[in-house]
Amino acid sequence: METTEPAVPVLLEIGSEEIPSRFLPGALSDLRSLAESVFDEYRITFTEISTFATPRRLALMVAGVSARQTDVTREVFGPSKKAAFDERGLPTRAAEGFAQSVGVMASDLVIRSKGKGEYVAAVIEEKGLQTRLVLPEMLNKIVLSLRFPKSMRWGDGDLLFARPIHWILALFGPETVHFEIDGIKSGNITRGHRFLSPASFQVGDADSYLNILTKNYVILDQGKRRDLIQKGITSLASTAGGQPVIDDELLGTVTFLVEFPVPVLCGFSSGYLKLPKELLITVMRDHQKYFAVQDGDGNLLNSFIVISNTRPDNEETVRTGAERVIRARFDDARFYFHEDRKRPLSDRVEELRHVTFHDRLGSLFEKTDRIAAMSSFLSERIDPSLKEWLDRAAHVSKTDLVTGVVREFPELQGVMGKYYAIHDKEREEVALALEEQYLPAYFGGNLPRTDLGALLSLSDKIDNIASFFALGIIPTGSEDPFALRRQALGIVAILLEKGYKVSLREVFDEALRHLGQLKGKTDPMQSIMSFMEQRIEFVFSSMGFKQDLIRSVLHLSPELPLRNLAERIEALKGFKEDPGFPDFLLAVKRIHNIVPKGKLPPPEEALFVQEEEKDLFAAAAAAREEVLSLIGKEGLSDALMRLSEITGPVNSFFDKVLVMDKQEEIRQNRLSLLKGLWETAYSFADFSRLL
């Protein structure tokens with residue numbers, strides 16, 4: 001009686017020097033997908049894959065691994081039946097040679113159909129090998145296939161990895177899986193925390209592995225480390241009378257910086273709280289990986305939390321070191337802040353002449369001039385009362401880039417501009433606009449609240465896209481070094497939110513006009529409009545609109561305000577629920593399918609012969625006038641209902657009139673009639689794209 005061998009786990013641990021925290025989320029994902037792919041390739045079944053990472057180890061645990069490969073039966077095709085057998089039905093040399101090459105007898109060959117012919121084939125049954133025999137090759141392949149943003153070689157070896165590998169643990173159940181990579185031999189040994197328990201430990205199986213690491217100050221599961229950190233900082237902040245400023249990115253980074261997280265509450269002099277909140281948080285978060293603490297009203301407290309990678313009894317040492325470091329960093333920030341405020345932003349405008357924006361686009365001073373010109377254009381088109389203060393904001397918009405704080409902390413561009421503008425006694429709207437010019441920081445992020453900030457943000461982003469497209473620097477694939485996709489999404493989001501009545505074509509026409517000789521021989525407008533259409537489609541899709549509705553109005557996106565596009569989609573969405581919509585759509589698609597793409601002269605009423613074409617001509621003329629009038633008055637739903645009234649005349653026309661008449665003059669006139677009707681419908685939406 002055949003017995004089934006039990007499934008056992010596979011454990012792989014790659015021990016190394018500290019891997020940068022930003023590499024590890026991607027490495028975890030790659031390790032999982034590689035394992036799934038390799039196990040599938042080698043026909044080894046499993047029940048579950050888990051991946052773990054700490055700064056100095058990547059671990060793969062595969063549960064329920066089968067004891068052997070799955071058997072496989074495959075067919076290998078050989079020569080045609082005609083070439084494989086002679087007139088007496090005996091195998092030819094071709095058949096015998098093929099049979100020998102695949103390891104079967106010629107008498108075992110079978111006939112199989114392939115394409116339009118019949119061929120001989122060998123049915124080969126491959127028995128699966130024991131998993132323990134193929135695991136060395138599999139695990140070796142997984143390790144060598146891992147990729148990182150940056151890799152290195154060390155010593156005299158050729159192996160590429162994020163950081164030098166020190167050990168490889170590989171087990172199949174309790175058995176060691178032996179293989180070697182660049183002189184590093186796998187074994188059943190792991191190591192504990194680098195400082196708290198640096199010794200090596202023998203591992204019996206996957207279960208004991210987890211226990212050994214836990215006892216030796218390594219919390220392997222990144223999810224558990226993250227939870228411990230979040231709970232710890234929340235508890236400590238509460239004891240300080242506040243709550244932590246939790247940033248998901250910081251939380252993720254710190255999770256991969258430590259193997260044994262221990263939160264420690266620290267403090268600093270309350271005198272530093274006179275500095276801008278954002279400056280203090282940036283120093284703590286971005287430069288020291290500390291968590292700031294604030295009260296219920298969002299006011300910063302003079303406390304912070306550091307996540308140590310050591311035992312709780314070392315808390316005082318950790319606190320003393322962290323407080324000394326943060327004091328020095330805050331002193332630097334305070335020095336720059338006070339020095340910066342000795343000169344108003346307006347005095348720094350000339351300095352922008354000496355800062356290159358791009359080697360082919362000139363200085364930041366020239367960039368500022370283009371922003372000011374675009375701002376002036378937008379204010380005239382949208383709200384002339386904003387022009388004076390928008391011009392003021394535009395001319396000082398980039399001056400904080402040459403201040404000490406922003407040079408030291410570039411992520412505070414705009415934020416520090418706001419604080420310096422307030423200190424300079426600028427109008428509040430101007431100060432806010434300096435900060436809001438960089439919004440949204442990402443898709444779905446906060447948008448400018450003020451019109452001044454929104455128009456300044458639009459001016460900057462429109463100029464960036466126009467400038468780089470004019471130079472032929474266009475995002476391709478995953479390459480977008482100047483974040484033009486993000487800026488385009490920001491333009492779309494702001495125009496939709498604010499409902500400004502400007503079109504993309506007119507604003508980019510204006511932007512390109514100010515670039516002058518920078519433009520190449522080819523007009524970049526078409527490329528810009530195509531680029532913006534893709535972003536519009538993405539934004540509308542994220543709003544829950546269906547693809548057919550979105551694509552039916554995209555051709556209008558260069559000419560119409562984006563809020564109008566959204567309103568048209570909403571109107572079309574409601575129209576699709578009308579009982580008469582299916583008949584109308586069928587009628588209008590019949591028109592689309594027959595009309596030529598090129599231009600046609602207007603139809604001549606004198607050339608109409610049949611009553612049905614005369615009726616359609618009259619109905620089309622009336623519909624066009626009323627539909628355009630209703631669209632102009634933003635009566636979009638009414639315009640659609642009026643347009644749908646042509647369904648009957650269109651159907652009668654197609655039922656009774658032969659469009660493709662033998663007489664060219666009659667044929668062309670009928671096509672012109674239909675072309676005009678389609679253009680009326682097309683001015684609202686491309687109905688051929690609706691489902």
Side-chain angles (χ1 to χ4, degrees), residues 9-42 44 49-62 65 129 131-172 174-206 209 212-213 216-218 220 222 253 256-259 309:
V10 167
L11 169 62
L12 172 68
E13 181 191 67
I14 308 164
S16 69
E17 293 185 12
E18 274 77 359
I19 299 173
S21 60
R22 66 187 178 89
F23 290 7
L24 293 175
L28 282 170
S29 176
D30 289 350
L31 183 56
R32 173 183 291 277
S33 61
L34 279 169
E36 290 174 347
S37 175
V38 170
F39 272 72
D40 182 62
E41 177 187 348
Y42 283 80
I44 303 293
I49 288 181
S50 302
T51 55
F52 306 98
T54 76
R56 64 193 304 242
R57 71 194 75 224
L58 280 167
L60 168 71
M61 299 182 72
V62 187
V65 177
L129 298 174
T131 299
R132 61 173 52 87
L133 299 178
V134 295
L135 266 179
E137 183 178 331
M138 293 169 59
L139 298 185
N140 187 302
K141 188 171 187 176
I142 289 171
V143 175
L144 292 178
S145 298
L146 281 169
R147 294 291 179 266
F148 301 89
K150 290 184 179 180
S151 297
M152 61 183 295
R153 292 187 178 91
W154 56 95
D156 297 325
D158 295 320
L159 177 62
L160 275 172
F161 207 73
R163 290 295 183 269
I165 295 176
H166 289 299
W167 77 91
I168 298 175
L169 166 68
L171 297 176
F172 179 46
E175 298 179 30
T176 301
V177 180
H178 294 284
F179 62 96
E180 184 176 335
I181 298 178
D182 211 33
I184 306 163
K185 295 181 179 180
S186 64
N188 63 348
I189 301 297
T190 188
R191 301 181 190 178
H193 190 285
R194 180 183 288 276
F195 306 114
L196 303 181
S197 185
S200 298
F201 304 93
Q202 185 171 313
V203 179
D205 54 30
Y209 166 72
I212 287 170
L213 290 183
N216 289 280
Y217 303 100
V218 176
L220 182 67
Q222 58 275 358
T253 297
F256 288 113
L257 283 175
V258 297
E259 290 194 317
N309 193 29

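All of these numbers come straight from a predicted model, not from anything done at the bench.
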Criterion side chain to side chain contact (heavy atoms under 4.5 Å, CB included) on R57 and T190, from CA distance to verdict:
CA-CA 10 Å; R57 71 194 75 224; T190 188; 3.4 Å; yes
Let me see the working for V177 and V10 under side chain to side chain contact (heavy atoms under 4.5 Å, CB included), right down to the final yes or no.
CA-CA 9 Å; V177 180; V10 167; 6.0 Å; no
Distance in Å, E41 CD paired with M138 CE, rounded so as to fall on 0.5 Å steps:
8.5 Å
Closest non-hydrogen atoms of L34 and I142, given as atom of the first, atom of the second and distance, are CD1-O, 3.9 Å
Rounded to the nearest 0.5 Å, what's the gap from CZ on F172 to CG on L11? Could you check?
12.5 Å
Within-4.5 Å side-chain heavy-atom neighbours: L159 and L144:
yes
Who are the ring pair (Phe, Tyr, Trp, His ring centres under 6.0 Å) partners of F179, not counting sequence neighbours?
none
Please examine the side chains of L12 and I168, heavy atoms only from C-beta on, and report whether any two atoms are closer than 4.5 Å.
yes
Please evaluate residues I49 and M61 with respect to the criterion side chain to side chain contact (heavy atoms under 4.5 Å, CB included), reporting the C-alpha separation (whole Å), side-chain torsions for both, the decisive distance (0.1 Å), and the verdict.
CA-CA 6 Å; I49 288 181; M61 299 182 72; over 6 Å; no
Backbone N/O of D158 and side chain of D182: donor-acceptor pair under 3.5 Å
yes
Report the distance from atom CG of L171 to atom CG of L135, rounding to the nearest 0.5 Å.
10.5 Å
Test item: R56 side-chain N/O and G192 main-chain N/O as donor-acceptor pair under 3.5 Å:
yes
Which side chain to side chain donor-acceptor pair (under 3.5 Å) pairs, counting each pair once, include a residue from residues 18-40, with sequence neighbours left out?
E18-R194
Just wondering, do F39 and V65 contact through their side chains at under 4.5 Å, heavy atoms?
yes
Between E259 and L196, is there a side-chain heavy-atom distance shorter than 4.5 Å?
no
Tell me the closest heavy-atom pair linking M152 and P164, and the distance in Å.
SD-CD, 3.6 Å
Grab the two heavy atoms, one from A27 and one from L146, that are nearest each other, plus how far apart they are.
O-CD2, 4.2 Å
Pairs touching residues 139-162 that satisfy ring-ring contact (aromatic ring centres under 6.0 Å, His included), sequence neighbours left out
F148-F161
For E180, the salt bridge (charged side-chain N to carboxylate O under 4.0 Å, His left out) test, sequence neighbours excluded, returns none
First locate atom CD of E17, then atom CD1 of I165, and finally report the distance between them rounded to the nearest 0.5 Å.
11.0 Å
Nearest 0.5 angstrom please: L24 CG to L58 CG, how far?
6.0 Å
Rounded to the nearest 0.5 Å, how far does CZ of F201 lie from CG of N216?
3.5 Å
Quick one: list whatever passes ring pair (Phe, Tyr, Trp, His ring centres under 6.0 Å) with F23, sequence neighbours left out.
none
For Y209, ring pair (Phe, Tyr, Trp, His ring centres under 6.0 Å) partners two or more places apart:
none
K185 vs H178, test: side chain to side chain contact (heavy atoms under 4.5 Å, CB included). Steps then yes/no.
CA-CA 7 Å; K185 295 181 179 180; H178 294 284; over 6 Å; no
